[in-house]
Amino acid sequence: MPDAYENINMAMRSILTTDIGDNEDPYFQFNDLTSMSSTSVLSPFSSSGSQGNMSMTSPMSTSSSPMHITDDYINLTNAVTILGEPYISVLVQPMEKFRFRYKSEMVGTHGSLLGVYNGRKRNKNNVPTVKLHNYLDKAIIRCTLVTTDEDLRIPHAHRLVRRVDSADIGDPHYMEVSSQNDFTAEFVGMGIIHTARRHVKDEIVRKLREEALEERKRSNIDATLNLRDDAQIKADAEQYQKTINLNSVSLCFQGFIKDEHNIMRPITAPVYSNSVNNLKSALTGELKICRIDKYTSSCEGGEEVFILVEKVSKKNIKIKFFELDDDDTEIWMDYGRFSELDVHHQYAMVFRTPAYRDRNITSPKEVFIQLERPSDSYCSEPIKFTYKPTDRMIGRKRTRISHSNSAELVQALAFNNDILMNTSLTSTPLSNDSTEISKEIKKMLDDRCSSSEFRDFVEHINLDSKFLLYETLLNQGGEDKLTYDGAPSKKASINFNICYLQNTLSKFLSLYQCCMLDDKLFAKDVIIDTIKDMKMKPREAKDIIKISFKDRTTYGDTPLHCALRYGQKNNVKRILMLMSTLNTDAEELVNIRNSSGKTPLHYAASQDQPEIIQALLMLGADPNITDHYGQMPLHRAVKFLEAEGSINILLAEKDVNIEANTDYGWSPLQLAAQAGSYHAVYSLIKAGADVNNTDMTYGRTALHIAVEGGHKDIVEFLLKNTKIDVNKKNFSGNTALHTAIVTPGTKAKEICALLVKYGADPHIRNYNRELNNVDGEQIQDIKVEVHSEDENMEECNGQSSFDLASNKPDILQLVSGQNDMLINNTIKEENINDTQKVWMDIDQEKQLASILDETKGWKKLAHYFDYKYLMNIFKQTSSSSLLLLNYIAIQTNTSLSELTNILQNIGEEDAATYMSQILSMKHET
DNA sequence: AATCTTTTCCC
DNA sequence: CGGGAAAAGAT
């Protein structure tokens with residue numbers, strides 16, 4: 001069916017010989033025209049509605065068009081011709097995601113539908129806005145809610161309400177436009193009411209009826225709907241309710257004018273906004289990866305990764321891996337592997353990584369992962385992910401477990417088991433070795449088996465031993481069962497389980513110990529054998545060395561690994577000496593990785609053995625090899641508090657990668673900051689480490705981390721001697737100051753003071769929207785002028801450092817810049833000079849505060865500034881007024897003269913008078 | 001009966 | 001307000 005505006009256009013073109021085409025700048029021309037002739041243009045609609053031959057089905061047909069040809073027409077034609085046909089454009093689109101609320105939720109006020117921030121003009125009201133173009137008289141713009149489906153735009157079952165004077169008005173909404181408002185309609189305060197599924201049909205029927213009736217009335221004012229129409233509408237509604245998408249709506253805008261019978265007549269085609277999706281629904285809600293447990297995988301894929309996500313539905317979610325080339329073109333993609341069962345309660349997922357496109361990479365490859373929702377192909381923000389080269393080269397076949405003899409192992413198990421089961425571990429008379437073992441076991445139990453060595457062991461334990469172990473365990477379990485008799489009570493069975501678990505654990509531990517015993521002798525054995533062999537065949541000495549030091553234990557350890565692991569310094573020395581005879585051939589031996597990916601250098605670094613590190617490096621050890629946790633020797637070395645040697649030796653090595661992240665996403669600097677190793681931090685920074693690098697899991701800089709650990713010396717060093725960004729936000733939007741305020745500890749206050757001293761901005765807000773204070777009262781949003789231009793609008797409602805400090809009066813004073821004790825005098829003076837221009841100096845402030853303390857006027861003042869929730873804090877301090885004044889000075893833009901007025905208004909005459917004095921003094925200077 | 005979705009409720 | 005979660009309803 002032809003639209004009215006099309007017909008208008010056709011009529012125009014038939015009249016005119018030349019077609020001026022679309023206007024490049026209709027706005028400009030429009031202004032031109034209005035200024036010269038808007039008053040002389042007559043309304044062309046004076047006689048519409050009296051037409052007898054209107055189409056019954058289309059209100060928009062040619063004949064019902066308001067632009068029919070009359071004598072007035074020529075006048076308008078000229079204008080319209082120059083302008084083009086009237087149309088509506090969407091100046092500000094509605095936001096893409098919005099929470100639809102049920103009727104039952106519409107008590108009180110909730111947020112209204114805002115516009116999307118559109119880059120150019122920063123509207124004061126950022127709300128959906130449309131503009132009517134090419135029309136000179138006043139007109140009406142109607143806004144209704146329709147379906148998103150472009151092929152089927154029907155009225156939507158949901159309601160579009162608009163709050164006008166505390167009453168919600170349903171759609172349609174009419175807004176008058178004219179030259180007065182630049183033909184622009186802003187739809188302020190709209191909300192979307194989610195029609196309950198069971199009412200969808202009724203609602204659609206209602207809206208279709210309304211629409212049909214309006215259409216009828218355009219041709220006949222007294223028209224009503226007959227039964228047949230009604231039946232049709234009901235049938236249609238029935239159909240629509242099945243397919244309608246309740247989580248997505250569009251706004252429909254159309255221009256109208258009202259004729260003398262109050263009938264709306266369209267003057268433009270309808271225009272549809274972008275879709276608005278229900279924020280609450282898992283079908284259309286936001287997709288986000290909130291947290292990931294690791295961001296690396298072997299290029300072979302198949303590694304398990306845990307992620308926490310915002311609400312997803314398990315049937316409608318994928319995890320996409322993709323790689324971009326330098327031009328940001330996607331060059332590879334695949335999906336993470338998981339089943340529906342791996343999606344935990346819509347908020348967490350466990351998946352396996354797909355293999356990288358090339359399984360033979362030799363350097364790490366950066367790719368991205370993101371969530372993808374197949375139903376609307378919406379994607380989350382991508383996060384970085386790294387594929388690492390495989391370590392297939394590590395041989396595990398050569399296990400050198402001497403007691404593969406069952407009897408021997410069982411005996412060993414029994415032996416160790418006895419030790420463990422004995423209640424008093426230490427009191428049992430034991431040989432030296434046994435004492436050591438029991439200590440080990442005790443330690444292991446204390447660590448709850450968290451040691452990576454133990455995990456490696458369990459993982460790589462050879463099959464024979466495993467079988468044997470299980471067998472033993474089964475037998476053991478059976479015996480336990482037999483000894484347990486009587487009716488099973490819950491308690492008893494729990495006890496049994498615990499007992500059983502303990503047994504299992506101890507078995508594994510015993511086995512671990514046995515292997516360790518064996519491994520302890522490994523280095524020595526090999527050295528002895530090697531030397532023996534060398535004596536026998538002195539000519540083949542080099543080959544003998546090469547071969548024998550490639551031998552491996554269960555863990556893939558070479559003799560050198562073993563000697564290092566067990567602290568056998570002499571063995572280490574012997575091996576290194578033997579290796580050094582090989583010259584460059586030693587490089588291969590010295591870089592062998594064991595089954596957890598560690599080289600001898602890892603162990604030397606972990607144990608802080610500078611001489612050995614030096615020796616290994618001289619033999620060609622590569623300091624950049626990472627173990628299976630992505631750790632380089634450097635990552636381990638930075639943890640030592642006092643030792644300077646190891647780090648400096650490692651850092652002196654050229655090509656050492658000082659920014660490398662572990663699999664948990666930590667750089668050496670961040671680890672050093674966490675460990676509290678001042679020296680390591682110092683050395684790394686001296687070696688050029690980037691202080692503003694952030695860790696991958698929380699987005700923290702070394703500063704955040706040092707603050708968290710309460711390492712004041714490091715914090716101070718970072719602030720004083722580096723260009724660290726004191727106000728950098730981590731993933732949750734917290735700055736180091738936020739962290740400092742919430743971190744307990746004796747040095748917390750001093751650290752806060754340091755941060756403030758070096759420019760930490762307490763106004764910065766994090767992304768946490770919980771605005772409840774300690775008393776559970778709602779904190780009103782403090783009206784803080786955000787100065788930074790690049791901040792998003794949403795970021796305004798997180799917590800500032802003030803909010804976090806609101807129940808810690810001393811820290812609050814500190815961040816408010818009030819405490820003189822802790823802040824260095826020079827800095828303080830600078831601050832004062834800065835604020836002095838707009839604020840009073842400290843003495844004047846104190847004077848004013850004493851006046852307000854006297855009269856208790858500060859309470860009124862606090863009330864005026866809506867600081868009710870801070871009352872308790874103000875009360876606790878020696879001068880409530882002074883703190884309040886500081887608060888006002890820092891958090892608001894109140895000028896001195898404004899303050900004077902405020903004081904006047906709340907009846908604080910004395911204070912106001914004093915203020916006037918200050919003001920006049922300021923004017924003089 | 002268990003689990004997911006929709007609706008209501010509450011802080 | 002905006003966010004979260006319980007209750008009710010569906011599958």
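The sequence lines fix the lettering, A, B, ..., with proteins before strands; numbering per chain opens at 1. The shown structure was predicted, so the numbers you read here are calculated from the model rather than taken from an experiment.
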- Task: Determine the interplanar angle of the A:Phe100 and A:His158 rings, folded into 0 to 90°, and report it as parallel if under 30°, tilted if 30 to 60°, perpendicular if over 60°.
- Result: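 Taking A:His158 first and then A:Phe100, their aromatic rings stand perpendicular (interplane angle over 60°).
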
- Query: In terms of ring plane angle, is the pair A:Phe253 and A:Phe187 parallel, tilted or perpendicular, where the classes change at 30° and 60°?
  - Reply: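 Geometry flag for A:Phe187 against A:Phe253: tilted rings.
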
Euclidean distance, atom [atom1] of residue [X] to atom [atom2] of [N] [Å, nearest integer]:
X: A:Arg163; N: C:dC1; atom1: CZ; atom2: C1'; value: 12 Å
X: A:Tyr102; N: C:dA5; atom1: OH; atom2: P; value: 18 Å
X: A:Arg197; N: B:dT7; atom1: CZ; atom2: P; value: 7 Å
X: A:Phe100; N: C:dC1; atom1: CZ; atom2: P; value: 19 Å
X: A:Leu246; N: B:dT6; atom1: CG; atom2: C1'; value: 10 Å
X: A:Met106; N: B:dC9; atom1: CE; atom2: P; value: 15 Å
X: A:Ile192; N: B:dT7; atom1: CD1; atom2: P; value: 16 Å
X: A:Lys288; N: C:dG3; atom1: NZ; atom2: P; value: 11 Å

- Query: What is the distance from atom NZ of A:Lys97 to atom CG of A:Asn247, rounded to the nearest 0.5 Å?
  - Reply: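 CG of A:Asn247 is found 10.0 Å from NZ of A:Lys97.
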
- Query: When the nearest nucleotide of DNA chain C is assigned to A:Arg198 and to A:Gly111 on a heavy-atom basis, which residue is associated with the more 5' position?
  - Reply: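 Of the two residues, A:Gly111 wins.
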
- Side chain of A:His110: nearest nucleotide among B:dC9, B:dT6, C:dG2?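 For A:His110, the side-chain atoms sit closest to C:dG2.
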
- Message: Closest approach to the side chain of A:His194, judged atom by atom: which nucleotide of B:dC9, B:dT7, C:dA5 is it?
- Response: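 Nearest nucleotide to the side chain: B:dT7.
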
- Message: Once you apply a heavy-atom cut-off of 4.0 Å, does A:Arg101 come out as touching a base, just sugar-phosphate, or nothing?
- Response: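 Answer is base: heavy atoms of A:Arg101 come under 4.0 Å of a base.
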
- When we call it a touch if two heavy atoms are under 4.0 Å apart, what does A:Lys280 touch: a base, just sugar-phosphate, or nothing?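 Contact class for A:Lys280: base.
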
- Query: Any ion pair linking A:Glu238 and A:Lys201 (charged N to carboxylate O, less than 4.0 Å)?
  - Reply: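 So A:Lys201 pairs with A:Glu238 through a salt bridge.
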
- Task: Report yes if a donor N or O on one partner sits less than 3.5 Å from an acceptor N or O on the other, where the partners are the side chain of A:Arg99 and the base of C:dG3; otherwise report no.
- Result: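 Per atom types, the contact qualifies.
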
- Return yes when atom CD of A:Glu214 has more than 12 non-hydrogen atoms of other residues, nucleotides or ligands closer than 6.0 Å, and no otherwise.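 Yes, CD of A:Glu214 has more than 12 neighbouring heavy atoms, counting only those of other groups under 6.0 Å.
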
